Each structure stands twice: as structure tokens, then as C-alpha cells.
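In what follows, chains are A, B, ... by sequence order, proteins preceding strands, each numbered from 1. Small disclaimer: the values here were computed from a predicted structure and weren't measured.
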Number of protein chains: 2
Amino acid sequence: MTRVLIVDDEPQLLRALRINLVARHYEVAMADDGGSALRQAAQFHPDLVVLDLGLPDIDGVEVVHGLRGWTSVPIVVLSGRAGSQDKIDALDAGADDYVTKPFDIEELLARIRAVTRRASPHDAQPAQIRIGDRTVDLAAKTVSGDVRLTPTEWRLLELLLRNPGKLISQRQMLTEVWGAGYDRETHYLRQYMAQLRRKLEPDPARPAHLITEPGMGYRFAP
Amino acid sequence: MTRVLIVDDEPQLLRALRINLVARHYEVAMADDGGSALRQAAQFHPDLVVLDLGLPDIDGVEVVHGLRGWTSVPIVVLSGRAGSQDKIDALDAGADDYVTKPFDIEELLARIRAVTRRASPHDAQPAQIRIGDRTVDLAAKTVSGDVRLTPTEWRLLELLLRNPGKLISQRQMLTEVWGAGYDRETHYLRQYMAQLRRKLEPDPARPAHLITEPGMGYRFAP
DNA sequence: CGGCGGCGTAGGGAAAGCGTCAAGATGCGG
DNA sequence: CCGCATCTTGACGCTTTCCCTACGCCGCCG
């Protein structure tokens, strides 16, 4: 299920979008200014952000910058301003698409489908991954043997499993799982890596797949 | 250099786009109907396709289908038709963006940058460097043969490997790895270069790739 | 021949980083 | 309002890594 964060200061537009998206089985979160948008993005971890440029507190382009500092989530910008320079600024700041108001809701949905499809090609690859004697399915969010993981554990595990063999730095893990501003909280990592090892490793005391690289980060060894 | 295939049946628009793209250091190929577009795409292997919907032979949406059958190259559609249904059809066929004529050339270029930026990190293949019988991957921070390096060793090795064949002065190594103020601590270098040789060189006593230039610095010989 | 500067090797103590246990917040659904 | 699951925070041994000192080797030059 695709998770969408809608950011707009007009309640009726917010409401209209939410209804349309929920009807199409999107999971929706909402924000009505730039500050709460950035906070929501860190907490909600959307797969897509629909962002109005005309916000009461921060300029929309700044919100794009703020998001791009730590995530590559697709961003579709809405705006009343139809000028070319506005579009260029938003796109070059890191937005993926730019739609001018008033817009046709069906067109917006098609553009949402387009950027979402482009951003998630990893759904095509086999989602079944073996860790010791357990099997993890990232798409179905299941682990064999009646093991259950919390949302945070899933985000952390997914990040590691999507980059098999590659070292993931502590900074990257912290910003991608907990959001920007958490780069120093390294003991969150120790805490949750320990949990994952307890739940997944055959011998949690001697991890064979979720490997620590001291001073740098962690690595998933297939 | 990004390779772009432009498909349009109006010679003057074709020409205008080519000039603008070449000026921005894109590599450009052109086609003026659907058939030659598909043929060109197969031969030229573009990183981006700019596609006019109104072609003399095949409908543009069919061209999108034809391309999507075998490639995921980004497609930006141009069209004179501004109706929502046209946009939806093109986007759902697999296009990444839809621009209605007449359009501002700068806006088109910004949209080209946006879709290219989104698609390009995909073809990033691991940069592997050979040292003797070992293979080093700087991105994944791995060395073949179960060799592990410490953070300081990685910083030092990375500096040398990113400048193959080039002499790196002791001063530069010390300031970049240990920070300003450590210019005199040359014995740190001896210490860690010895470690790297032990871990990477086939015969650590006779280094063939991590080479000392007495009194000056060190050099990586590929 | 003997001092000297630059280099390579070895080992030990200090510090930073890590794993673990445990308990205090927090949020959610009943 | 309470209980439960989850997320934070704190404290304490243990391991890895880093920093530092000491020593041997080699070529150069007086």
C-alpha cells in the first residue's frame, strides 16, 4: 500500500485529495504547513509527497530542500503560480513533477502513478530473502517461524536487505529510519540491531548476517 | 554524457530542441516518425526520450508501449492536446512526464533534468579496484577474501585509490585523514600504510601497489 | 667507520565504540 | 481509565580501534 503525504493549507482541497486517494487504496497523512510537513515526513515515511507551494510558514521550495536533505521520496508539487521560473525552481530543487492549479484530479492521479511507478522498481525483484534458517518477505512484511517485527525494525531491516553486502553508514541508517536530526543517536542502532539479531540470527551472540563494522555502520551479508 | 532521443515531425521544433540540448552537452539523436523512433531507440540506447504524440505514422501512445516493452528509459511526452484524458493515457502507458505545446524551453529542460536525475542512479555499477589478487569496492566498503579494514584505514586507502598513479604528499594525507594540525605526525602514516600492505599486498614486504616515495609521500600504482 | 634522517615493525595502554540488561516514557485500543 | 506494545533513555562490562613509544633496518654523508 502506497503511503502519501498531502501538504496544503486549504482544508477543502486537502479533504478532496484525501477522499480520492483513500478511495484508490492509498494510505494518507496530511499537513497544513511546512513545519508539520517536514515533521510528518520524518515520522510517517511516505512513499510520495504531494506538496502545495503556497504555505503559510515556509516557502514550498524550502520544504523540498528540507526533504531532499535526507530522503529521495518522490515529490509532486501543486501550485497556483503558472510561471516557468517557479516550475524550474521547484523541479531543480528536487521535485519530480509540477502541476498548476486548477488541475484535473484524474490527471494528478495519473502523474502520481507515474512518479510512484518510477520510484519503486524494486518491487519487481524477488522479495524473499534468507537469513540463517529464517525467510524474510519484504513485500508481505512477514518472517517465517512466527516472528513479528515492529515498524521501526522493518524500516531498519529493509534498508539493510535492499543493499546486500553493502555497508550502510550509521548516519544514513539514522536519517532514513528516524528522520533528519537523529544522526547522533547511535544507541538507537545498537538497541534495534540487537533486537533484529535476537529475532533473526540463529546465534544472536555471534551474528552471521547482520554484521557490525565498528566505527562505520552495519552490513547485511547474504 | 546523457544521450537524448528527440522524436517529432516538425523540423523546426526538432532543430530548436537539438540546438538547446547540444548547447547543454547532451548527446542528441533524432527521429521524425514512430517507426524510426523505435528503430533509433534500439540502436542509439538513449538515456532519455522526448516524444511528440502527434506523429504521422503511429500514435504516440503506441510508441510509448513499444518502448516500454523492452526498456525503462525515461520518456517525456510533448503534445498539442491539452485534454486530461490524453495526458492520463500517455502517463499510464508508461511516460514519465507530459508537457503541452506551446511550452517554455527552459521548463522542458528542467523537467528533463528531473526525470533524468530520478532514473540515473539506477545504472550505477559497483566501482571495483584491483590490488594484487584482492578486489576493493569503495562504495560497499568491501575487500575480497574476508579482509576487513578499520575506518582510518578506509579513509587512507580511499584517498590513494581515488588518485590512481598520482603522488599524494604526506602533508595532504595527514590533514585529510587525521585533520589539520597533524602535519608532523608522519609515523601515523608508516603505521597505517604498513597495516594496509599487510591486508592488501600479496607480498607486504615488497609492496607492488602501495608505493613509498621517500621524503615525499605515497602513491597507488594500479 | 659512525652518526643521522627517513622508513618499517612490534606491542601496550587509553579511549571510543559496541552489546546487553533494565527501567522509564509514550501512544494506542479497549 | 487501564493494559499492552512500542519507543526512548540510562547504566555497565566488553571488544575494537586508535594513539604512542620503542627499536631495527637501510642509505647517505661527513
Can you confirm whether more than 12 heavy atoms, excluding those of [X], are under 6.0 Å from its [atom1] atom?
X         : atom1 : value
Arg15(A)  : CZ    : no
Phe44(A)  : CZ    : yes
Arg171(B) : CZ    : no

Mutual orientation of the aromatic rings belonging to Tyr188(A) and Tyr182(A) [parallel < 30°, tilted 30-60°, perpendicular > 60°]: tilted
When you check the phosphate oxygens OP1 and OP2 of [N], does a side-chain N or O of [X] lie under 4.0 Å from one of them?
X         : N       : value
Arg198(B) : dA10(C) : yes
Thr150(B) : dT16(D) : no
Arg197(A) : dG19(C) : yes
Thr212(A) : dG17(C) : no
Tyr192(B) : dC18(D) : yes
Thr152(A) : dC7(D)  : yes
Tyr218(A) : dG19(C) : yes

Integer-rounded Å distance: [N] [atom2] and [X] [atom1]:
X         : N       : atom1 : atom2 : result
Leu189(B) : dC18(D) : CG    : P     : 14 Å
Leu196(B) : dC18(D) : CG    : P     : 11 Å
His45(A)  : dC7(D)  : NE2   : C1'   : 13 Å
Met173(A) : dC18(C) : CE    : P     : 11 Å
Arg155(B) : dC19(D) : CZ    : C1'   : 13 Å
Ile211(A) : dT16(D) : CD1   : P     : 14 Å
Leu149(B) : dT16(D) : CG    : C1'   : 14 Å
Tyr188(A) : dT6(D)  : OH    : P     : 17 Å

Can you check whether [Y]'s main-chain N or O pairs, donor with acceptor, with [X]'s side chain at less than 3.5 Å?
X         : Y         : value
Asp33(A)  : Pro56(A)  : no
Arg111(B) : Tyr98(A)  : yes
Arg118(B) : Ala114(B) : no

Using a heavy-atom cut-off of under 4.0 Å over every strand shown, decide if Tyr182(A) touches base, sugar-phosphate, or nothing.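 Nothing: the residue Tyr182(A), judged by heavy atoms under 4.0 Å, touches no strand.
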Once you apply a heavy-atom cut-off of 4.0 Å, does Arg148(B) come out as touching a base, just sugar-phosphate, or nothing? sugar-phosphate
Which listed nucleotide (dG19(C), dC19(D), dT6(D)) is nearest to the side chain of Trp178(B)? dC19(D)
Go through DNA chain C and write down every stem, that is, every run of at least three consecutive Watson-Crick or G-U wobble pairs with distances under 3.5 Å, as range with range. C:1-30 with D:1-30
Toward the 5' end of DNA chain C, by each residue's nearest nucleotide, Gln191(B) or Gln170(B):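 It is Gln170(B), whose closest nucleotide lies nearer the 5' terminus.
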Who passes salt bridge (charged side-chain N to carboxylate O under 4.0 Å, His left out) against Arg113(A), sequence neighbours left out?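 Arg113(A): salt bridge (charged side-chain N to carboxylate O under 4.0 Å, His left out) contacts with Asp92(B).
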